[in-house]
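Quick one: structure below, then a few questions.
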Amino acid sequence: MMIVYVTYLALAAVIALFLSATIRILREYERGIVFTLGRFTGVKGPGLIILIPFVQQMVRVDLRVVVQDVPPQDVISRDNVSVKVNAVLYFRIVDPERAIIRVEDYMAATSQLAQTTVRSVLGKHELDEMLAERDKLNADIQEILDQQTDAWGIKVTNVEIKHVDLNESMIRAIAKQAEAERLRRAKVINAEGEQQAAQKLVEAGKMLAEEPRAMQLRYFEALHDISGERSSTIVFPLPIDLFDLFNKARGDAK
């Protein structure tokens with residue numbers, strides 16, 4: 001009797017082992033690369049997959065977008081500034097067959113390729129471009145990665161530069177540069193204001209020279225403004241031509 005139970009248990013174990021080696025269930029975002037005696041025979045899934053035990057093997061492939069962190073890379077910019085840059089890589093598998101057959105480990109291969117591409121692309125640009133034109137640099141890195149990973153059945157959907165780390169001396173140098181730029185702009189704006197004011201004064205002088213009575217009205221207006229102030233000092237404007245008359249009269253007297 002005991003022998004019969006043992007036989008049934010052994011038979012159940014064999015059936016369970018057979019079913020576990022035969023039946024596979026793939027989720028909606030998974031695909032199965034099936035090999036028959038070592039040769040590729042097709043892509044299966046999603047759903048229920050039945051394999052021939054010990055003859056067929058299957059490799060699962062996830063088709064969802066993979067988010068991969070690119071470790072900090074030491075980059076020397078075109079203007080010889082050393083920085084550390086890290087980024088985030090987004091990619092997904094569009095051809096499971098090529099992702100499994102043409103590359104040994106597509107995750108590691110994509111990560112290493114992203115690191116070298118980040119260093120090579122950023123090394124062609126100056127520090128100011130790294131800080132101000134990230135969208136353009138992201139697009140350049142994505143385009144290069146997408147072209148190189150296309151043979152592996154991988155689509156790079158996006159690349160984002162996260163941080164550009166600078167040392168303290170470079171941060172101070174950038175702060176000094178920004179301060180000098182602000183001072184330069186302030187001086188330029190002040191000079192432009194003086195130039196515009198001088199032009200307006202020249203135009204006003206020409207208009208007043210055409211009508212002497214207008215100058216007299218300006219004198220009266222200046223006196224009115226001075227009288228309204230609480231001051232003991234009274235300034236009375238005199239025309240320059242009056243001094244010329246005095247000098248001429250002195251010369252005639254001599």
Side-chain angles (χ1 to χ4, degrees), residues 1-75 85-123 137-162:
M1 195 70 179
M2 183 65 65
I3 297 176
V4 175
Y5 289 149
V6 171
T7 303
Y8 286 158
L9 288 176
L11 182 59
V14 170
I15 293 174
L17 181 62
F18 178 82
L19 292 177
S20 63
T22 301
I23 298 175
R24 297 284 190 277
I25 297 177
L26 299 179
R27 298 180 179 89
E28 183 65 31
Y29 55 84
E30 291 180 327
R31 297 295 183 271
I33 309 301
V34 179
F35 297 91
T36 302
L37 297 177
R39 296 181 63 86
F40 170 74
T41 54
V43 179
K44 305 294 184 180
L48 179 65
I49 308 299
I50 298 178
L51 303 175
I52 302 175
F54 310 108
V55 176
Q56 291 182 324
Q57 294 83 32
M58 187 186 72
V59 179
R60 292 176 181 263
V61 178
D62 195 326
L63 302 184
R64 292 177 295 181
V65 175
V66 178
V67 181
Q68 192 173 81
D69 185 44
V70 179
Q73 302 296 309
D74 293 323
V75 179
V85 182
N86 64 337
V88 181
L89 176 66
Y90 300 85
F91 67 93
R92 61 186 178 87
I93 296 177
V94 295
D95 191 336
E97 175 188 352
R98 288 187 291 175
I100 296 300
I101 295 177
R102 297 196 179 185
V103 61
E104 179 181 1
D105 187 347
Y106 65 88
M107 293 286 290
T110 305
S111 176
Q112 294 297 322
L113 182 60
Q115 296 177 35
T116 56
T117 304
V118 167
R119 288 197 299 268
S120 62
V121 171
L122 297 183
L137 296 178
N138 292 337
D140 293 342
I141 296 173
Q142 176 187 351
E143 182 179 0
I144 294 174
L145 285 175
D146 195 31
Q147 291 176 354
Q148 297 184 3
T149 58
D150 183 66
W152 303 342
I154 294 175
K155 172 66 177 177
V156 177
T157 57
N158 196 13
V159 177
E160 291 291 339
I161 297 175
K162 291 201 301 183

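We're numbering straight along the sequence, starting at 1. Note that the structure is predicted; figures quoted are calculated from it, not measured.
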How many angstroms lie between CD in Gln115 and CD in Gln68, if you round to the nearest 0.5 Å?
8.5 Å
Rounded distance [0.5 Å steps], CD1 in Ile23 versus CD1 in Ile50
6.0 Å
Does Arg98 have more than 12 heavy atoms from other residues, nucleotides or ligands lying within 6.0 Å of its CZ?
yes
In the structure I gave you, are the side-chain heavy atoms of Leu26 and Met58 within less than 4.5 Å of one another anywhere?
yes
Side-chain heavy-atom pair Val43, Val34 within 4.5 angstrom cut-off:
no
I want to check something: taking the side chain as every heavy atom from C-beta on, are Leu37 and Arg39 in contact at a cut-off of under 4.5 Å?
no
For Gly123 versus Val75, what's the shortest heavy-atom pair and its separation?
N-CG1, 3.9 Å
Just how far is it from atom CD1 of Ile144 to atom OG1 of Thr117, taken to the nearest 0.5 Å?
6.5 Å
Side chains of Leu122 and Leu137: closer than 4.5 Å at any heavy-atom pair?
yes
Interatomic spacing from CG in Asp74 to CZ in Arg119 - rounded to 0.5 Å:
8.5 Å
Beyond-backbone contact of Ile161 with Asn138, side-chain heavy atoms, under 4.5 angstrom:
yes
State the CD1-CD1 distance between Ile93 and Ile100, to the nearest 0.5 angstrom.
6.0 Å
Arg24 and side-chain contact (heavy atoms from CB on, under 4.5 Å): which partner among Gln56, Arg60, Glu30, Lys44?
Arg60
Nearest heavy-atom pair of Ala109 and Val103: which atoms, and what distance?
CB-CG2, 3.7 Å
Could you measure the distance from the CZ atom of Phe91 to the CD1 atom of Ile154? Nearest 0.5 Å is fine.
5.5 Å
What pair of heavy atoms forms the shortest contact from Asp69 to Lys162, and how long is it?
OD1-NZ, 3.5 Å
Side chains of Asn86 and Val70: does their closest heavy-atom pair fall under 4.5 Å?
no
Contact list for residues 142-152, test side chain to side chain donor-acceptor pair (under 3.5 Å), sequence neighbours left out
Asp146-Lys155
Side-chain donor/acceptor of Thr110 to backbone N/O of Met107, under 3.5 Å:
no
